[in-house]
Amino acid sequence: MSTANANESYCTFTLSSDVTAGGLPSEEEIAKDLESTDTNVKKHALRAAIMAMLGGEAMPRILMQVIRFCINSDDKQLKKLCMLYWEVVPKYQEPSSEAMLAAASGGPPVQRKMLPEMLLVCNALMNDLNHPNEFVRGSMLRFMCKLKDEEILGPLIPSIKACLEHRHPYVRKNAALAIFHAHKLHGETLIPDGPELIATFLEQETDLASRRNAFLMLYNENEELAFGFLARNMDDVMKYGDGFALLVLDLTRKVCRRDPTQKSRFVRVLFQMLSSTSAAVSYEAAWTLVSLSSAPTAVRAAAMTYVNLLNGQNDNNVKLIVLMRLEALKTKHSKILQELLMDILRALSSPNPDICKKVLDVVVDVITTRNVQDVVNVLKREVQKTIADDLQEEKGGDYRNMLIRTIHGCAVRFPKVAESVVHVLADFLGTDSGMQVIIFVRAIVEQYPDLRPPLLNKLVESIDSVQSNQVLCVCLWILGEYTESADSITEAFDTIVEQAGEPPFIIQTKDKEAEKEAAEAEAPKMVTKNVVLSDGTYATQTVYSEAKAPVASDTTASLRRMLISGDVFLGETMAASLTKLCLRAGDLPEIEPTKVKSMTGTAVLAMCGVVKMAEVTVAAQRSSLADCQERITLCCRALLDPSAQAHLKKIFLKEGRERFAEFLKIIKERELKEAAKE
C-alpha cells in the first residue's frame, strides 16, 4: 500500500490554517518544533506536518516525535490535531519489492504489516477512551467512527463497550455510533454481539440523542430487534424526540417497500406522528402515510396535516414543498381536497407571489358547484385588498392579475357566479390589471346577455378612469357591439363624444409653446461653483440641478389625451364604435330622426378629426395613414351613403359579434382538450 493511497484513504477533512504562508517547514524543522515545551509551537508544527502529508510527503520521522511529545498532552486543540494526524499518517509498512513482484506473478497476495509504532498509538487511544473527562472520551469515540483498520479497532472494543455505561450522555451517544461503525465494518470478527448489546442499552437509555443513535444501529444491522423495541414502545415514540421519529419513518418506508404486508404494523405510529409538534416529522409522516395507503381516512389525515403545515409555517420553502404534495394529491383524491379548500385558500395571505400562484393552481381544479361561491367570495376579498398600497408593494400587480384570471375561469365554468364578480372587477379597469379585467368583461358580455345592461352602464361610467390605450380600445369595441337600447345608445354616444372632445385631435401651436417652456423650466441645469477640499485647497465643481417633480395638473380626459398623443388605432376604434351606435340608433323608433342626424354629423366630424390627427402626428403610429383613411372613409360611407349602408350595415352590426362568438367557442374547445390530456 503506497503512501499516496494511504493518505487518500484517510483524507476525510479540510484543514484551514496559515501554516503554508512562506512555505512549509522541512521535516527536521517540524521534528524540532514538536520537541518544544510551548504548546502553540507544537500545534503549528503538527498542522504543518498534516498539510505536508496531505500534499504527498511521507515524513516518517514525525510519527515517533508525535508519539513522544504530543500524544499525552492535555491541551484539547492539540488532541484534536493528533486525531487528524492519525487519519492521514500511514499505518502500515511499505511492502518489499520482492513481495510485490511475487504477488504480481501469481504468488500469494501482499500481507500488510502494521507499523510497530502503532501499538503505542493504540495504547494512547485506549487511555483517551478511559479518560475521566467526558469531552476527551466523546471526541475519541467520534474519532473511532473514522478508523477502518481491524488491527487498531480490535484492542479498543472493550473500552468502547464500557463507554456505553458512562454517566454522561455525550459519551454514551458517541459510544453507540462507534459500536455501529465497528459492527458495520468488522461485525462478525470484532463485535458479533453488537446488536444485542445495543438492544439492551436501548431499553435502559433515557437520553434522546443516545437512544436515536442506538436505534440507528439496530435499524441498519438487525431489523428484528428494531421491530421488537418499536412494538414494545409504540405509545412512547413521540416522547423519544424528532430524530428517533424520523428514523422510525425511514424504517417504515424501507420495510413496506420490501414487504407491503407489513403496513399494518406501522399505521398506528404513523397516525401518532401526524400530530407531532415538529414540522419535519409531521410532513414525513403524512408523505409516508399517503405513499403506503390510499384509504380515504389516511389520505384525509395526511391532507389535513399538509394544510396545517401550509398555514402554520413561516418558511416559504416549506410552503412550496407542501403545496407540491397537495398538488400531487389532487389527481387521485380531489374530493378530499374539496373539503379542505377554504383552509388552503388561507395561504393567500402569504406575501410571496409564487406561493399565491401555487395556491391558486391547486385550488382551481378542485372547485365544484358546491364550493364555487365561497371560493369566489374569498378571491373577491383578495382582489379588493390589493387596492391598499402596502399590499401592492409586497406582491405587485401580478398577484391581482392571477386573482382576476382565476375568477374569470370560475365564471366561465360556473355561470351563476359571473354576475356577483363582474361588477367588482369592473372597478379595476383603471389599474395595471385593466387588460385582464376588460378581457373578462368582454367574454361575460358575449356569453351572458342578461348581464349586458348593467355591465354596459358600468363601462360608460368607467371610461374616464381608464389609463391604458389597449383597455380603452376594448371598452369602445364592447360599447359599439353590444349597446342596443335607445337610452344606452344615447348615453354611450354622448359619453364617447364628451371624452374625445372637439376635433381636431392635435396639439395647438400655443399649447406646444407652453409645453416646450414648461419642459425647459423643469429640465436639469448645469451649475458651477467653488468648493473647499478636505486638504484646504480650492476646486471647481460642476453639478446638475435636479429637475422639478411634475405636478399632476392635467385635467384632459384620458380618451382625448391618447388621441392627441397620436394613437391612430384608438381613433379608428372610436370611429367604428360611433358608426355602429349611429347605425343601430337609426333602426330604433324611440330615437327621433333629427337626433340620429345630429349623432351622424357629430360622428363624421370626429372621424375627420382622427384623420387630421393621423396626417400631422409625428409620434410612432400603430397604424399607417393610408389604412386610417381607408377605414374612416368606409365608416363615413356607411353613415352617409344609403346604398353603401345597405351593404355594410350587416357587417358592422352582426358579423363582428359572430366572429367573436366563434373565437370564444374555439378557445373553450381548446381548453377542454388540454384538460382531457392532463
Side-chain angles (χ1 to χ4, degrees), residues 1-95 112-129 131 133 135-153 156 174 177-178 181 185:
M1 187 178 195
S2 66
T3 303
N5 291 336
N7 290 344
E8 236 176 77
S9 301
Y10 291 94
C11 182
T12 59
F13 60 89
T14 301
L15 187 65
S16 177
S17 177
D18 58 350
V19 295
T20 56
L24 287 171
S26 63
E27 185 177 6
E28 290 76 10
E29 293 173 338
I30 294 175
K32 184 177 179 181
D33 289 342
L34 288 174
E35 298 177 8
S36 173
T37 56
D38 189 349
T39 305
N40 292 326
V41 175
K42 288 184 179 181
K43 294 179 195 175
H44 191 275
L46 195 51
R47 286 194 187 97
I50 295 172
M51 295 295 291
M53 297 182 72
L54 289 175
E57 297 290 337
M59 294 197 170
R61 289 181 52 193
I62 302 301
L63 176 59
M64 200 60 204
Q65 293 291 94
V66 173
I67 294 173
R68 290 176 59 194
F69 301 105
C70 299
I71 203 168
N72 294 320
S73 174
D74 292 331
D75 187 85
K76 302 296 188 300
Q77 292 185 5
L78 189 58
K79 280 184 174 295
K80 181 62 177 177
L81 287 173
C82 287
M83 294 178 192
L84 299 179
Y85 178 76
W86 303 140
E87 285 194 59
V88 299
V89 68
K91 301 172 181 61
Y92 295 91
Q93 298 178 4
E94 287 292 332
R112 298 194 307 171
K113 294 183 179 179
M114 183 174 289
L115 292 171
E117 294 88 342
M118 296 310 296
L119 296 176
L120 299 175
V121 174
C122 289
N123 185 58
L125 298 181
M126 187 179 300
N127 291 336
D128 283 346
L129 287 175
H131 199 280
N133 185 288
F135 175 78
V136 175
R137 280 201 186 197
S139 300
M140 184 53 61
L141 287 167
R142 292 181 63 184
F143 174 67
M144 293 294 103
C145 297
K146 298 181 181 180
L147 291 178
K148 301 179 181 179
D149 306 281
E150 184 178 355
E151 294 86 346
I152 297 177
L153 286 173
L156 304 177
N174 286 299
L177 285 180
H181 175 75
L185 294 179

Considering non-hydrogen atoms only, spot the tightest contact between [X] and [Y] and give its length.
X	Y	answer
Ile62	Ala31	CD1-N, 3.9 Å
Met59	Ala49	SD-CA, 4.3 Å
Ala58	Met53	O-CE, 3.8 Å
Lys146	Glu87	CD-OE2, 3.2 Å
Glu117	Leu63	CB-CD2, 3.8 Å
Ile30	Pro25	CG1-CG, 3.7 Å

Not counting sequence neighbours, which residues clear side chain to side chain donor-acceptor pair (under 3.5 Å) with Asp33? List them please.
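Here no residue qualifies.
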Who passes side chain to side chain donor-acceptor pair (under 3.5 Å) against Glu29, sequence neighbours left out?
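Partners of Glu29 under the side chain to side chain donor-acceptor pair (under 3.5 Å) test: none.
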Under a 4.5 Å cut-off applied to non-hydrogen side-chain atoms, are [X] and [Y] in contact?
X	Y	answer
Met144	His181	no
Leu147	Leu125	yes
Met118	Asp149	no
Cys82	Ile71	no
Tyr92	Glu151	yes
Lys32	Gln65	no
Val66	Leu34	yes
Tyr85	Val121	no

Interatomic distance, [X] atom [atom1] to [Y] atom [atom2] [nearest 0.5 angstrom]:
X	Y	atom1	atom2	value
Leu78	Ser73	CG	OG	4.5 Å
Phe143	Leu84	CZ	CG	8.5 Å
Ile50	Leu46	CD1	CG	4.5 Å
Asn174	Leu129	CG	CG	11.0 Å
Lys91	Lys148	NZ	NZ	10.5 Å

Please lay out, stage by stage, how Lys42 and Thr37 fare under the test side chain to side chain contact (heavy atoms under 4.5 Å, CB included).
CA-CA 8 Å; Lys42 288 184 179 181; Thr37 56; over 6 Å; no
Dump the intermediate steps for side chain to side chain contact (heavy atoms under 4.5 Å, CB included) on Met51 and Glu57, then the final yes or no.
CA-CA 9 Å; Met51 295 295 291; Glu57 297 290 337; over 6 Å; no
Any salt bridge linking Asp75 with Lys43? Criterion: basic side-chain nitrogen under 4.0 Å from a carboxylate oxygen.
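Answer for the salt bridge query: yes.
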I'd like to know if the side chain of Asn127 and the backbone of Asn123 have a donor-acceptor N/O pair within less than 3.5 Å.
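Looks like yes, one N/O pair under 3.5 Å.
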Between Ser139 and Lys79, does the side chain to side chain contact (heavy atoms under 4.5 Å, CB included) criterion hold? Intermediate values first, please.
CA-CA 9 Å; Ser139 300; Lys79 280 184 174 295; over 6 Å; no
